[in-house]
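The block underneath contains the structure these notes are about, expressed in structure tokens.
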Amino acid sequence: MIGSAQAGADISITGLGVKVPDRVMTNDELSQFVDTSDEWIRERTGIRERRIASDEEALSDLALPATRDALAMAGVDPKDVDLVIVATVTPDMMFPSTAALIADAIGAADAAAYDLSAGCTGFMYALAQAYGMLAGGLAHRALVVGGDVLSRLFDWTDRSTLVLFGDGAGAVVLESVPEQGFLGFELGADGGGGESLWLPGSGSRNFEEPDRHIKMNGREVFKFATRVLVQSAQDILAKCDMTIEDVDLYIPHQANVRIIDHATRKLGFPSEKVVINVDRYGNTSSGSIPLGLADALADGRLQKGQIVLMTGMGAGLTWGSALMRWTMDAAA
Ligand code: ACO
């Protein structure tokens with residue numbers, strides 16, 4: 001694990017944008033494909049509906065509008081962006097990277113651009129990387145995108161995975177600010193548990209493997225997720241000399257309401273401090289935390305000066321937290 005690094009530089013999020021596909025797919029619609037029901041899905045996951053990309057929509061089609069909104073909110077000229085990181089497991093294609101495509105599309109000429117693979121934790125890893133690059137003086141203005149079009153990896157005959165996921169993306173701008181934004185990060189991985197969540201035909205190991213659909217041992221992932229959500233939050237708070245009471249807003253990865261409820265109870269967060277969007281979007285992988293930030297900003301729960309704890313977990317198996325003070329004015 002990257003030991004709960006306590007951030008020292010004054011770097012923060014200065015712009016945020018999100019985008020989900022227009023197409024809403026309800027639980028009832030899914031029951032046309034597999035033997036399931038709205039009642040089962042709501043009870044076991046809290047999901048009511050999710051967004052599904054059209055055949056023509058690739059990740060960059062979601063990430064680009066999110067990126068443009070984030071830049072506009074930050075008041076940043078795309079030409080001044082010198083680093084673009086896209087956290088995803090569903091890039092438009094393996095190469096060129098979706099980050100390079102986005103940098104080109106927005107006119108961030110010569111920006112360093114790459115995709116990052118850390119499953120649903122990707123956005124947290126990408127935030128930490130961008131923070132480190134800015135703090136180290138290697139870059140000055142970073143664009144961090146988290147997003148996935150997981151519907152491309154659905155097995156439409158497998159009820160154990162089909163009902164859980166959805167599509168969506170979010171983007172943030174990271175810059176130096178007068179006050180301290182990010183307070184710390186905590187990242188880790190357990191490759192030994194990787195076999196609990198995997199994509200058989202997806203790389204050089206089994207390149208000819210025809211099965212290109214998500215496989216998951218739900219119970220193992222459930223156990224892992226409930227454990228690391230709690231552990232990672234406790235670790236980062238301890239390293240930053242803070243407690244649960246100091247946190248104004250908690251944005252956990254949106255995999256399943258039962259997982260979130262478990263972590264929330266163990267950690268002792270009152271429900272009004274917890275952001276939930278899995279009911280409307282399903283598990284959007286790297287998109288879930290930026291989508292949560294956008295919800296909290298829109299409903300007024302995210303205010304300047306508030307302490308925000310974000311924790312992701314996912315394939316790898318990976319986990320990661322970021323603790324920050326929100327530095328943007330409400331009017332931004
Ligand atoms: N509809 C109806 N029945 C179903 C469905 C479905 N969609 N899926 C499974 N079932 C059945 C099973 O076949 C089983 O039937 P049986 O008792 O006759 O054998 C029964 O429901 C119970 O199955 P379980 O797998 O024990 O159900 P569980 O309560 O564990 O819930 C779930 C399954 C929702 C997948 C849960 O394990 C879970 O949320 N795991 C975490 C997985 C996750 O969130 N992954 C996301 C990716 S990773 C990440 O983001 C961290």
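Here, residue 1 is the first one in the sequence, and each next residue gets the next number. Just so you know, these numbers come straight off a predicted model, no measurement behind them. In each ligand, atom 1 is the first atom listed, and ligand 1 is the first ligand listed.
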Review point. Under 3.5 Å, is there a donor-acceptor pair linking the side chains of D80 and H140?
Key: no

Exercise for review: Describe, in one word, how the ring planes of Y131 and F185 are oriented to each other, choosing from parallel (under 30°), tilted (30 to 60°) and perpendicular (over 60°).
Suggested key: tilted

**Study point:** E179 and T327 side chains, donor-acceptor separation under 3.5 Å
**Key:** no

Practice item. Taking only heavy atoms of the protein into account, state which residues are under 4.0 angstrom from an atom of ligand 1, in chain and number order. Key: D35, T36, W40, R44, T45, C120, R159, S160, V163, F165, L197, M216, G218, R219, V221, F222, H253, A255, N256, R258, I259, N283, M313, G314

**Study point:** Co-membership, hydrophobic cluster, residues F182 and M124, 4.5 Å side-chain
**Key:** yes

Revision key, fill the gap. dist D92:CG -> S60:OG (nearest 0.5 Å) comes out at 3.5 Å

Practice item. Indicate, with yes or no, if L71 and F123 share a hydrophobic cluster defined by side-chain heavy-atom contacts under 4.5 Å among Ile, Leu, Val, Met, Phe, Trp and Tyr. Key: no

